[in-house]
Colleague: 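There's a structure below that I have some questions on.
Counting begins at 1 with the first residue of the sequence. Just so it is clear, the structure is predicted and the values come from calculations on it, not from any experiment.
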Amino acid sequence: MTMGDESLFAAMAYPVVIGPILEKLEQTNMAAAQTLRAALTKAEAHHPGLTYELIKGILRKAELQGRVDMCETLLRVEGLNSDSEEFRLDRPEPAFQELNQRAASLKKILGKIPDEIYDRRKFLDTIRDIASAIKTLLDAVNGVFNSIDGQAHKQVLEQRKREFVKYSKRFSNTLKDYFKDNQRTVVFMSANYLINQTNMIMKCVKVAS
């Protein structure tokens, strides 16, 4: 695993693993959930990657480290929690709600890869679905572009789009290699990078709007 992969896991740990847990806790104990969220958000801001280190520590304590594939697990969890509050846009206009739906759809499809990669026919169908979801997400991003306030925010969003396209192409190349070398973990990792880029687009739009 590279330092870049570790950085990816560190970036995804809080929103992908802890965020959905706090959302569920809010349904039963709002005050406790908000206190935990504030404390963890502050800690993560001061010490980026702290949540990931915490998760690794729990796995070590439970003697599960090395037995849990973090790459595959994050991908599965993201697929199950594809519409997390962390990246959901609040603006009610149809274009923004469409972007919410398209981002959640792409992440949900990517999250199915660990289950469907073993069945060639299903996996090929999933690849086609991912290609379509990538296109519709980019269309949805274009749909909100003119509603973003400020040239600076628009420039940042344009950069996020370029990065997303770059990682989309990288994912496509990874799939081509997979059918030659059968390296599933590389596919899982590339899918996680694409999910992270999707989240970064949503966060950019959320901040700008």
Colleague: Which pairs count as salt bridge (charged side-chain N to carboxylate O under 4.0 Å, His left out) when at least one residue sits in residues 16-25, sequence neighbours excluded?
Modeller: none
Colleague: Within this structure, what is the NZ-CZ distance for the pair K206 and F96, rounded to the nearest 0.5 Å?
Modeller: 13.0 Å
Colleague: To the closest 0.5 Å, what do you measure between CD1 (I109) and NZ (K107)?
Modeller: 12.5 Å
Colleague: Apply ring-ring contact (aromatic ring centres under 6.0 Å, His included) to Y178 and list each qualifying residue two or more places apart in sequence or on a separate chain.
Modeller: F123
Colleague: Taking only residues two or more places apart in sequence, or in another chain, which ones meet Q155 in a side chain to side chain contact (heavy atoms under 4.5 Å, CB included)?
Modeller: Q151
Colleague: Give a yes or no on whether the backbone of L89 and the side-chain of N100 come within a donor-acceptor separation of less than 3.5 Å.
Modeller: yes
Colleague: Contact between V186 and D177 at the side-chain level, heavy atoms closer than 4.5 Å - yes or no?
Modeller: no
Colleague: Between E78 and I195, what is the shortest heavy-atom contact and its length?
Modeller: CG-CG2, 3.2 Å
Colleague: Can you give the donor-acceptor pairs under 3.5 Å from side chains of residues 38-48 to other protein atoms, not counting sequence neighbours?
Modeller:
from, atom 1, to, atom 2, distance (Å)
T41, OG1, Y14, OH, 3.1
T41, OG1, R37, O, 2.6
E44, OE1, L50, N, 3.4
E44, OE1, T51, N, 2.9
E44, OE1, T51, OG1, 2.7
E44, OE2, G49, N, 2.7
H46, ND1, K42, O, 2.9

Colleague: Nearest 0.5 angstrom please: S147 OG to K154 NZ, how far?
Modeller: 8.5 Å
Colleague: Mind listing the closest non-hydrogen atom pair of S190 and T174 along with its distance?
Modeller: OG-OG1, 3.5 Å
Colleague: Do the side chains of V141 and F164 get nearer than 4.5 Å, heavy atoms only?
Modeller: no
Colleague: For Y167, what residues pass the ring-ring contact (aromatic ring centres under 6.0 Å, His included) criterion, not counting sequence neighbours?
Modeller: Y193
Colleague: If only atom types and distance count, is the side chain of N192 paired as donor or acceptor with the main-chain N or O of F9 below 3.5 Å?
Modeller: no
Colleague: What residues form a side-chain hydrogen bond (donor to acceptor under 3.5 Å, both in side chains) with K112, not counting sequence neighbours?
Modeller: none
Colleague: Could you state the interatomic distance from CD (Q159) to NZ (K161), rounded to the nearest 0.5 Å?
Modeller: 11.5 Å
Colleague: Filter on salt bridge (charged side-chain N to carboxylate O under 4.0 Å, His left out), then keep only pairs touching residues 164-174, sequence neighbours left out; what's left?
Modeller: E163-K166
Colleague: Does anything in residues 122-134 form a side chain to side chain donor-acceptor pair (under 3.5 Å)? List the pairs, not counting sequence neighbours.
Modeller: E116-T126, D125-R128
Colleague: How far apart are the closest heavy atoms of G143 and A95, and which atoms are they?
Modeller: O-CB, 3.8 Å
Colleague: Examine V156 and M202 and state if one hydrophobic cluster contains both, with Ile, Leu, Val, Met, Phe, Trp and Tyr joined whenever side-chain heavy atoms are less than 4.5 Å apart.
Modeller: no
Colleague: Apply side-chain hydrogen bond (donor to acceptor under 3.5 Å, both in side chains) to R91 and list each qualifying residue two or more places apart in sequence or on a separate chain.
Modeller: E93
Colleague: Hydrophobic cluster membership, with links at side-chain heavy-atom distances under 4.5 Å among I/L/V/M/F/W/Y: are V207 and F87 in one?
Modeller: no
Colleague: Starting from L138, can I reach L106 by hopping between I/L/V/M/F/W/Y residues whose side chains sit under 4.5 Å apart?
Modeller: yes
Colleague: Taking side-chain hydrogen bond (donor to acceptor under 3.5 Å, both in side chains) as the definition, give me every residue that meets it alongside T136, ordered by chain and number, with sequence neighbours left out.
Modeller: none
Colleague: Between F171 and Q197, is any pair of side-chain heavy atoms under 4.5 Å apart?
Modeller: no
Colleague: Quick one: are F188 and I117 in side-chain contact, heavy atoms under 4.5 Å?
Modeller: yes
Colleague: Working to the nearest 0.5 angstrom, can you tell me the gap between T198 OG1 and R160 CZ?
Modeller: 11.0 Å
Colleague: As a quick check of understanding, evaluate side chain to side chain contact (heavy atoms under 4.5 Å, CB included) for L124 and F179, giving each step before the final call.
Modeller: CA-CA 11 Å; L124 288 172; F179 289 110; 3.8 Å; yes
Colleague: Do I130 and M200 belong together in a cluster built from hydrophobic side chains that touch within less than 4.5 Å?
Modeller: no
Colleague: Are there more than 12 heavy atoms of other residues, nucleotides or ligands under 6.0 Å from atom NZ of K203?
Modeller: no
Colleague: Not counting sequence neighbours, which residues clear side-chain hydrogen bond (donor to acceptor under 3.5 Å, both in side chains) with R121? List them please.
Modeller: none
Colleague: In this structure, would M30 and L22 fall into the same cluster of hydrophobic residues linked by side-chain contacts under 4.5 Å?
Modeller: no
Colleague: Can you tell me how far apart CG (L74) and CE (M12) are? Round to the nearest 0.5 Å.
Modeller: 5.5 Å
Colleague: Does anything in residues 131-149 pair up under salt bridge (charged side-chain N to carboxylate O under 4.0 Å, His left out), and if so which pairs, sequence neighbours excluded?
Modeller: K135-D139
